[in-house]
Protein chains: 2
Amino acid sequence: MTASPPSDNGSAKDRPDHLLSPAERRIPAAVIKRLSLYARALQNLERDKVEKVSSTELARALGLNSAQVRKDLATFGQFGVPGFGYPVADLRKQVRQILGTDREIHVALVGVGHLGTALLSYAGFRRQGFRIVCAFDKEAKGGHVGEEQVPVYDVEELEARLAEHAITFAILTVSVDAAQSIANRLVAGGVTAILNFVPVRLQLPAQVTVHYVDLALEMESLSYYAR
Amino acid sequence: MTASPPSDNGSAKDRPDHLLSPAERRIPAAVIKRLSLYARALQNLERDKVEKVSSTELARALGLNSAQVRKDLATFGQFGVPGFGYPVADLRKQVRQILGTDREIHVALVGVGHLGTALLSYAGFRRQGFRIVCAFDKEAKGGHVGEEQVPVYDVEELEARLAEHAITFAILTVSVDAAQSIANRLVAGGVTAILNFVPVRLQLPAQVTVHYVDLALEMESLSYYAR
DNA sequence: TAGATTGTTAATCGATTAACAATC
DNA sequence: TAGATTGTTAATCGATTAACAATC
């Protein structure tokens, strides 16, 4: 809400790269996806005490092209050493910094049904530094759910609790009917990234990023190959 | 294992289109993904008693380009009527036929942990015609799980039960350590399509199609935009 | 220095979109 | 017939890959 100097206020296309927000820089989504793939591979390499890795090795492990690996990484800086490769620990730190996964990320989950409940106990999230700090349901019993004992609030409290925990990241596992209205409230409450499991196209302002995980859709397209 | 006549035995590139299996025809995966999107939209239109739809309407509803809709559909035949559009019920039938979702599809699920259990009760699968008919776990209690009361067998019984139910479609929700070995057994047991929730790159023969749903990876790439 | 591997440019490939004749 | 919309070709766009000079 703070007014910025008029001279800084041009459209994203006018401003130099380093003044743009991640969403504005328009790095292809595919590059960001692969970046998290690299982060995962580097995590394993670091665990295995490997100190350097070449673009060729990384590419082979992930089923990609080595030029693509180099190009992806070069988008964000010069992380490699010619003739040597990439220092694993260093590169991992950089990649996590770019992704924003170099710190614990607090997440809200809305819709504590079968799927929501499972996600509240999903170890993979914790392993990558995500922590679901509060959950919401329209029939909240007021208790705590899952192995992490996440508090479940009534959706009534959505705005208040989001503010309290300064949350910008949410997982949506409500019903089809509720999805759009809950999504609106999440965004009004400051959420800018949503992992949406509800099979509905959400209409939201452009600065909000939604990733769709449509399980039934995955099954349908897989079905084409199951013969 | 049956020998086929040498003359029928050329590489996929040599044979005419109609003699190829879905996987061999090499329709871009993106087209197949959108095809299931169309199926979903057509389902809603049919429910709402809409009788015809134009490529423009379909495109707008799904956030696509109308030329893309027409091109995608034209890949599989001439389903539209110039000057009129596409007959909803008819097109839906065709699309479902192409995807293979025009009948109930029997599915096996391996790994009855938090996520697996949730999927056993996931209504979205039933709604689209998928039925999980058996589940496997390394510590099977022998009972039935979920709202659908799916029988849970010990993984020991994997091959036997797959054969019994003639299953070609599986959902994989086991641990990272078990994933590759279970996947191998699934394939040996006749499975050709796997929806894999385990964050591991599976090494499988080319005729098997694996779709990866990597929830932590989705979170990581989303994290880039949550600022 | 010789060998290896990066960062980057140019070439290729494939997918999306525009345009329009054919058709109802 | 006039109007609308398909199926399809050609143009555009963007992403992937090959190639190689620069660098350690």
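Residue numbers begin at 1 in each chain, while the letters A, B, ... track the order of the sequences.
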Quiz item: What is the minimum heavy-atom distance between B:A226 and A:T168, and which atoms define it?
Solution: O-OG1, 3.8 Å
Quiz item: For A:Q180, which residues count as a side chain to side chain donor-acceptor pair (under 3.5 Å) partner, sequence neighbours excluded?
Solution: A:N184
Practice problem: Looking only at non-hydrogen atoms, find the nearest pair between A:F130 and A:F169 and report the distance. | Solution: CE2-CE1, 4.0 Å
Show me the donor-acceptor pairs, under 3.5 Å and distance only, between side chains in residues 62-69 of chain B and residues at least two apart or in other chains.
from: B:N65; atom 1: OD1; to: B:A67; atom 2: N; distance (Å): 2.6
from: B:N65; atom 1: OD1; to: B:Q68; atom 2: N; distance (Å): 3.4
from: B:S66; atom 1: OG; to: B:R70; atom 2: NH1; distance (Å): 3.3

Quiz item: Does B:E104 CD have over 12 foreign heavy atoms under 6.0 Å away?
Solution: yes
Self-check item: Sequence neighbours excluded - salt bridge (Lys or Arg N to Asp or Glu O under 4.0 Å) pairs with any residue from residues 31-43 of chain B
Solution: A:D214-B:R40, A:E218-B:K33, B:R34-B:D72
Quiz item: Dot-bracket for DNA chain C: what is it, with Watson-Crick or G-U pairs under 3.5 Å, [ ] where a pair crosses earlier ones, and | for a pair to another strand?
Solution: ..||||||||||||||||||||||
Quiz item: Of all heavy-atom pairs between A:P205 and A:V187, which one has the smallest distance, and what is that distance?
Solution: CG-CG1, 4.0 Å
Practice problem: List in numerical order all residues of residues 41-60 of chain B for which some heavy atom is under 4.0 Å away from an atom belonging to DNA chain D. | Solution: B:S54, B:S55
Quiz prompt | nucleotides 7-16 of chain C: protein proximity per nucleotide (B base, S sugar-phosphate only, - neither; heavy atom, under 4.0 Å) | solution = BBB-----SB
Self-check item: Considering all heavy atoms, the nearest B:V191-B:I167 contact
Solution: CG2-O, 4.0 Å
Quiz item: What heavy-atom pair brings A:I182 and A:L158 nearest, and what distance separates the two atoms?
Solution: O-CD2, 4.5 Å
Practice problem: Applying side chain to side chain contact (heavy atoms under 4.5 Å, CB included) between B:Y212 and each of B:I194, B:L195, B:V200, B:L202, report the one that passes. | Solution: B:L202
